[in-house]
Amino acid sequence: MSDEALADLRRRLQATRWPDRETVADPSQGAQLAKLQELVRYWGSDYDWRKAEAKLNALPQFMTTIDRVDIHFIHVRSPHKDALPLIITHGWPGSVFEQIKLIGPLTDPTSFGGRAEDAFDVVIPSLPGFGFSERPAESGWGLERIGSAWAVLMQRLGYTRYVAQGGDWGAGVVQAMGRQAPAELLGIHSNLPAAITNEVGAALGGAPAAGFSEKERAAVDDLRAYVGNGGLAYLVMMGARPQAVGYGLTDSPTGLAGWMLVHGGFDKWTYGKDPKQSPTRDDVLDNFTLYWLTNTAASSARIYWENRGRDLISAAAQKTDEISVPVAITVFPDEVFRAQESWARRAFRNLIYFNEADRGGHFAMWEHPELFAAELRAAFRSLR
């Protein structure tokens with residue numbers, strides 16, 4: 001990115017017109033003023049995008065045109081023989097920055113406590129309209145079209161057998177791939193599976209949770225509370241009017257940060273107060289700056305419009321009964337929706353792996369990359 005673009009970003013940050021302070025002592029009204037002001041101050045004065053560029057430029061990156069859209073992707077081959085090819089898909093407001101720390105443990109497991117036979121070749125594409133991938137000029141880029149594009153990408157790379165992983169919108173993409181079941185796809189892994197069956201959906205709606213364990217009832221109660229407190233309001237807004245949301249986020253980097261902090265879940269982190277905590281403040285700003293510099297606030301929001309009314313975690317909406325390929329699931333304790341094994345077994349007829357991790361949340365691969373890599377090794381071991 002040019003020096004002029006970075007200078008413009010700093011000017012906009014420093015010229016932010018701030019609203020008054022929220023009237024509550026928590027983020028229930030949105031990103032808290034004092035916290036956002038401190039982040040924006042750092043972003044506009046001390047943050048260095050060139051370090052983020054260096055992270056990306058240290059990796060093999062490519063562009064290819066699929067279905068008239070240029071797709072950006074990272075492709076890292078393992079030094080180990082017979083590595084299993086793996087394509088990983090991010091969501092919103094994520095990007096390829098989520099997966100960078102995963103690449104080492106996946107491609108070179110012997111350097112991270114794993115075995116050579118657990119190695120992966122890793123492909124990490126940017127979703128259409130996200131990051132360095134082209135912004136589609138036409139509608140129709142829903143989950144199925146992206147899933148088909150990923151199958152084409154893996155074929156072009158010469159892979160005759162591979163597995164796929166996704167969380168957030170990436171989970172929807174790999175479930176679409178599971179429904180499409182290209183001959184080369186051995187199985188899929190999700191950390192946000194569509195495991196809300198009709199029975200679970202009824203319990204979320206207030207019906208008696210007869211036969212549910214205490215743990216299952218707790219998962220239902222927590223998800224109901226999240227939805228009831230407006231946790232999905234951003235989804236409704238971007239699903240209904242992504243262009244309207246995009247105008248403000250495209251014009252104001254502070255607005256972009258304020259929107260993504262709360263709705264993306266980034267507000268749960270301490271932004272560098274604990275230097276060992278991942279993602280760090282700089283990690284989060286790498287992600288925000290990528291959205292800003294590539295002007296993809298509106299185009300990325302359209303994935304909600306393309307899939308409006310289609311709940312990512314509903315088994316019926318995601319047609320999980322049509323998924324015949326093997327399915328692996330990892331549940332992280334701080335995720336908003338904690339799928340239960342009994343639900344997952346009803347939703348997916350070919351569930352080969354289910355595990356509940358001891359730490360991590362919605363961005364678990366970013367928070368705990370080595371743990372996440374270990375989960376993928378275990379999840380796909382039987383498919384090698």
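Numbering starts at 1 and runs along the sequence shown. Fair warning: this is a prediction, and the values are worked out from it, not measured in the lab.
With respect to Asp221 and Arg217, no salt bridge is recorded, no charged nitrogen being found less than 4.0 Å from a carboxylate O. Residues Arg338 and Glu335 are not paired through a salt bridge, judged by the lack of any N-O separation under 4.0 Å between the basic side chain and the carboxylate. A salt bridge is absent between Arg156 and Glu184; no separation between the charged side-chain nitrogens and carboxylate oxygens falls under 4.0 Å. Between Lys101 and Glu367, no side-chain nitrogen of the basic residue sits less than 4.0 Å from a carboxylate oxygen of the acidic one, so the salt-bridge criterion is not met. Ion pairing of Lys55 with Asp283 is present here, as a side-chain N (NZ or NE/NH1/NH2) and a carboxylate O approach within less than 4.0 Å. Salt-bridge check for Asp334 with Arg359: failed, with every basic side-chain N at 4.0 Å or more from each acidic carboxylate O. Taking the charged nitrogens against the carboxylate oxygens, Arg50 and Asp3 do have a contact shorter than 4.0 Å, which makes a salt bridge. With respect to Glu134 and Arg68, no salt bridge is recorded, no charged nitrogen being found less than 4.0 Å from a carboxylate O.
Checked by atom type and distance alone, the side chain of Thr89 never pairs as donor or acceptor with a backbone atom of Gly170 at under 3.5 Å. Judged purely by atom type and a 3.5 angstrom limit, Asp118 has no side-chain atom pairing as donor or acceptor with the backbone of Gly114. The main-chain N or O of Trp92 is found under 3.5 Å from a side-chain atom of Asp168 such that the two form a donor-acceptor pair. Panel note: side chain Tyr291, backbone Thr296; no donor-acceptor pair is recorded below 3.5 Å. Checked by atom type and distance alone, the side chain of Thr250 never pairs as donor or acceptor with a backbone atom of Tyr247 at under 3.5 Å. Side-chain atoms of Ser252 do not come within 3.5 Å of backbone N or O of Leu249 as any donor-acceptor pair. Between the Glu22 side chain and the Leu33 main chain, a donor and an acceptor come within less than 3.5 Å of each other.
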Q.
Applying side-chain hydrogen bond (donor to acceptor under 3.5 Å, both in side chains) to Asp108 and Thr110, what does each step give before you reach the verdict?
A. CA-CA 6 Å; Asp108 190 13; Thr110 57; 3.1 Å; yes

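Of the candidates Arg10, Arg281, Arg41, Lys51, Arg41 is the only one forming a salt bridge (charged side-chain N to carboxylate O under 4.0 Å, His left out) with Asp46. With Ile146 as reference, Leu127 is the one residue of Ile66, Leu127, Val174 to meet the side chain to side chain contact (heavy atoms under 4.5 Å, CB included) rule. Each of His75, Met154, Gln165 was compared with Ile87 under the side chain to side chain contact (heavy atoms under 4.5 Å, CB included) criterion, and only Met154 meets it.
More than 12 heavy atoms of other residues, nucleotides or ligands shown are found within 6.0 angstrom of CE on Met1. For Arg349, the CZ atom counts as densely surrounded, since its 6.0 Å shell holds more than 12 non-hydrogen atoms of other residues, nucleotides or ligands. Remark: Asn350 CG is packed, more than 12 non-hydrogen atoms of other residues, nucleotides or ligands lying under 6.0 Å away. Few gaps surround CD on Glu138; more than 12 heavy atoms of other groups in view lie less than 6.0 Å from it.
Taking every heavy atom of both residues into account, Val325 and Gly178 meet most closely at CG2-CA, 3.8 Å. Between Gly129 and Pro136, the closest heavy-atom pair is N-CD, 3.6 Å. Taking both residues in full, the closest heavy atoms of Leu261 and Ala31 are given as CD1-CB, 4.2 Å, listed atom of the first, atom of the second, then distance. For the residue pair Pro128 and Trp141, the shortest heavy atom distance occurs at CG-CE3, 3.7 Å. Here the closest non-hydrogen pair linking His80 and Ala116 is ND1-CB, 3.6 Å.
The distance from atom CD of Glu375 to atom CZ of Arg377, rounded to the nearest 0.5 Å, is 10.5 Å. One distance of note links CZ of Phe354 with CZ of Arg345; it measures 8.5 Å at 0.5 Å rounding. One distance of note links OG of Ser190 with CZ of Phe348; it measures 6.5 Å at 0.5 Å rounding. Taking CH2 from Trp18 and CG from Leu36, the interatomic distance works out to 4.0 Å, rounded to the nearest 0.5 Å.
Criterion: ILVMFWY side-chain heavy atoms under 4.5 Å apart, direct or through other members. Under it, Val152 and Leu185 are part of a common hydrophobic cluster. Met238 and Tyr226 fall within a single hydrophobic cluster, where Ile, Leu, Val, Met, Phe, Trp and Tyr side chains are chained together by heavy-atom contacts under 4.5 Å. Following chains of ILVMFWY side-chain contacts shorter than 4.5 Å, one can reach Phe97 starting from Phe62, so the two form part of one hydrophobic cluster. Under the 4.5 Å side-chain heavy-atom criterion for ILVMFWY residues, a single connected hydrophobic cluster contains both Trp366 and Val336. Taking hydrophobic clusters as Ile, Leu, Val, Met, Phe, Trp and Tyr residues chained together by side-chain heavy-atom distances below 4.5 Å, Phe112 does not share a cluster with Ile103.
Relative to the six-membered ring of Trp305, Arg302 misses at least one condition, a distance below 6.0 Å or an angle of at most 45° to the axis. A cation-pi contact links Arg384 to Phe120, judged by a cut-off of 6.0 Å to the six-membered ring centre and 45° from its axis.
Side-chain contact between Ser133 and Met63 is absent, with no heavy atoms from C-beta onward closer than 4.5 Å. At a threshold of 4.5 Å between non-hydrogen side-chain atoms, the residues Phe288 and Leu39 count as touching. No side-chain heavy atom of Asp222 sits under 4.5 Å from any side-chain heavy atom of Phe337. Side-chain contact between Val69 and Ile71 is present, with at least one heavy-atom pair separated by less than 4.5 Å.
Ring centers of His368 and Phe363: at least 6.0 Å apart, outside the cut-off.
Classification of the Phe372-Phe332 ring pair by plane angle, with boundaries at 30° and 60°, yields parallel. Note: Phe212 and Trp343 have tilted aromatic rings, judged against thresholds of 30 and 60 degrees for the angle between ring planes.
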